[in-house]
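The structure appears right after this line, and notes come after that.
Each chain gets a letter, A, B and so on, in the order its sequence line appears, and its residues count up from 1. Basis for what follows: all heavy atoms, side chains included, without hydrogens, waters or symmetry-related copies. Predicted, not measured: the structure shown is a model, and the values here were computed from it.
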Protein chains: 4
Amino acid sequence: MDMFPAHLLDGYRNFMRNRYSHESDRYRTLAEKGQTPQTMVIACCDSRSAPETIFDCGPGELFVVRNVANLVPPYAPDENYHGTSAALEFAVQGLKIREIVVMGHGRCGGIHAALNNDGNPLSPGDFIGKWMSMVRPAAEEVTQYKSMTPAERQRALERISIRHSINNLLTFPCVKILHEAKKLTLSGAWFDISTGELWVMDSKTGDFIRPNMAVEAPEEQG
Amino acid sequence: MDMFPAHLLDGYRNFMRNRYSHESDRYRTLAEKGQTPQTMVIACCDSRSAPETIFDCGPGELFVVRNVANLVPPYAPDENYHGTSAALEFAVQGLKIREIVVMGHGRCGGIHAALNNDGNPLSPGDFIGKWMSMVRPAAEEVTQYKSMTPAERQRALERISIRHSINNLLTFPCVKILHEAKKLTLSGAWFDISTGELWVMDSKTGDFIRPNMAVEAPEEQG
Amino acid sequence: MDMFPAHLLDGYRNFMRNRYSHESDRYRTLAEKGQTPQTMVIACCDSRSAPETIFDCGPGELFVVRNVANLVPPYAPDENYHGTSAALEFAVQGLKIREIVVMGHGRCGGIHAALNNDGNPLSPGDFIGKWMSMVRPAAEEVTQYKSMTPAERQRALERISIRHSINNLLTFPCVKILHEAKKLTLSGAWFDISTGELWVMDSKTGDFIRPNMAVEAPEEQG
Amino acid sequence: MDMFPAHLLDGYRNFMRNRYSHESDRYRTLAEKGQTPQTMVIACCDSRSAPETIFDCGPGELFVVRNVANLVPPYAPDENYHGTSAALEFAVQGLKIREIVVMGHGRCGGIHAALNNDGNPLSPGDFIGKWMSMVRPAAEEVTQYKSMTPAERQRALERISIRHSINNLLTFPCVKILHEAKKLTLSGAWFDISTGELWVMDSKTGDFIRPNMAVEAPEEQG
């Protein structure tokens, strides 16, 4: 019989003693009235990039999809299971969220796999290979950036991939219509695990810049 | 031009001032040595059920997939994109995680949609409808539980669905082999948003029970 | 000659030394003026679910019927002995009680018998079988809830049965009239022997929820 | 919508804070291992005569039936609902209890009704009248005890009725067999609400006497 991981129960105990005990009213209200998050975050499964931690968000604030390499597939209304598309539809049409953030991060294992595809899949099903094939053309191109170091190519693809996902978001009719009506914003962000830096995408140019944290920390201008 | 959500930047500022400033070494080490989480959590996108919050986990601890209703599709090695299967392969084969937890929660919108399918999809693509069709047989069965209230049927399907996902996990050869070799545990959990209660699945009977929190705080057993 | 159980005499001695010695006036007054409880509780015979213990009630507070599985039969003014109906009539018409609570509990042996009827009665009289036949249609239905575990079906029937008993209460003309005149409330409760949790029925939806204990001890909400 | 009685929730809060917090292990064990009471008590619904209070018993000790006037009907294996017989069968055949105590009490409303039957039932169903008809022959006889005061007649019938119930217990084949095999004791008790006195039946003579509490209270010899 499989035992429930003890370290998770320890953590849950902390949660109940600390966070929950201070926010029990909020949880109760969220349960009774339902969630009304204004923000959807599409993030990576990576254990080092939890959106709630990085954005210091509490219960009810972020509707979060997490998949390998924070990818958004293009609109494909066929008969297959599309987990990310289902979440997108639920968030936009059901919850009427007003902001979508695609958040990537440094040293992403999925991006690394796309760039270092040696033809040896992790398992016979090769689900990673198929999943990352969404960015294969970009990966193949970046592999040709011969004068960049491997780490530079990795970072480049991480950011190209975020822009790619934002473009794919706009292939969903509901996203496109609401975005054009200025009722929905689409943003990109990239988190540097090592330094803790957050870089956000300039939606006009596609560049990633460090946000102006000037008010509180003038020296941090990116 | 879409502005990056200001409230997220506020939250990020808090993160840097508090958590990151105390854990910068940990982040740096995690960046250099890579992530080695021992636990994968498959959770819902719902804004009220973030695994890192509920299990009070820090960076590097949880590899997290989040999709609508925390579903695991059955093994299907075809040409389609399988986000959750890709994450599973990455976690089990790549990261060698040792524990998988499927965590559902009360008042799940996806489960609600599965039980209240009125034939009117949220969008022409009907991604939610197709995604939730994974539990359609169970949903149709539970709809026949006439003597239960709607809320009871919802909770019943939330739990049935967790067991269903755990069964689907075992259709993946790599999961099955490691589980039989006792190198990988499969657990279920269900979080009650309103009360903060965590119920864990007894892997033998499939029942959900409240874990015994007695050792450290006998009076806290709700 | 049968000896009176010694452990009961020991207990009685404790009662006299402690409780009675502090409440002798109350007992004397209750004897002289008669009982005027405002609450009737219909509970199970189970040794683990005494209403006076769970509701911490003293002498004169609760008028208590206890039968197997806390059932209320439908109104049947025939020539047979109807113990529960007699108690109900006495409480409502004689004592003018203002609240009726049907209290079930987890792991109820009567409900278990109803769900696991193997055709082998406990005795030739099969009194349990006949008594539990009051919930036979519900038991047969719940037996078809194939995707639930045995423990889940048991809990489901425990709660369905409470709702069933409350509906049967309303078949008694005196109950129906007073309830409609808002002079009598009908409530359901379910006690979890293992955790000590009390769940109360929402009279509007029939759902069982944990009461908000927040006012006096917000941190005690399980 | 009917609100759950607030005073019961107050009592439950006390129970959780006091009794449950000290006995949570016992409750948990009782839930897991099931109940194994050695004693069944058949008592009255009266709010002033809770067996757990009078015998100072905790969870798991007493299997308790409560009906109006603590009556046991004779064995009648017909198609009707027999709540008390079902409880008896469950206790004797299912739980293998070893002691049955019929406990009556002073100023019993059911006995009072049997002695003062004026032909005006409490409700058209007259459930009390039919229920108490079990002791009608005795009641009619006692009504002829002209030289006794009404209070004396009441007390007389309360005790006659306990003996009557114990005789009816012996009409159940399973009770008779186990009693003759000395595997089951049958006892009577009568509680004086006003003084707190407990009188127990001498099983040989049928007399009610005060038990010898000599060790601790030599002057109380009944």
Can you pull out the residues in [range] with any heavy atom less than 4.5 Å from chain B?
{"range": "residues 162-185 of chain C", "value": "Arg163(C)"}
{"range": "residues 143-154 of chain C", "value": "Gln144(C), Tyr145(C), Lys146(C), Ser147(C), Met148(C), Thr149(C), Ala151(C), Glu152(C)"}
{"range": "residues 45-74 of chain C", "value": "none"}

Item to check | Rounded distance [0.5 Å steps], CD in Glu197(C) versus OG1 in Thr195(B) | outcome: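 Spacing of CD (Glu197(C)) from OG1 (Thr195(B)) equals 8.0 Å.
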
Checklist entry - What side chain to side chain donor-acceptor pair (under 3.5 Å) pairs are there with at least one residue in residues 122-131 of chain B, not counting sequence neighbours? => result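 As it turns out, the side chain to side chain donor-acceptor pair (under 3.5 Å) pairs with a partner in residues 122-131 of chain B, which skip direct neighbours, are Glu89(A)-Ser123(B).
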
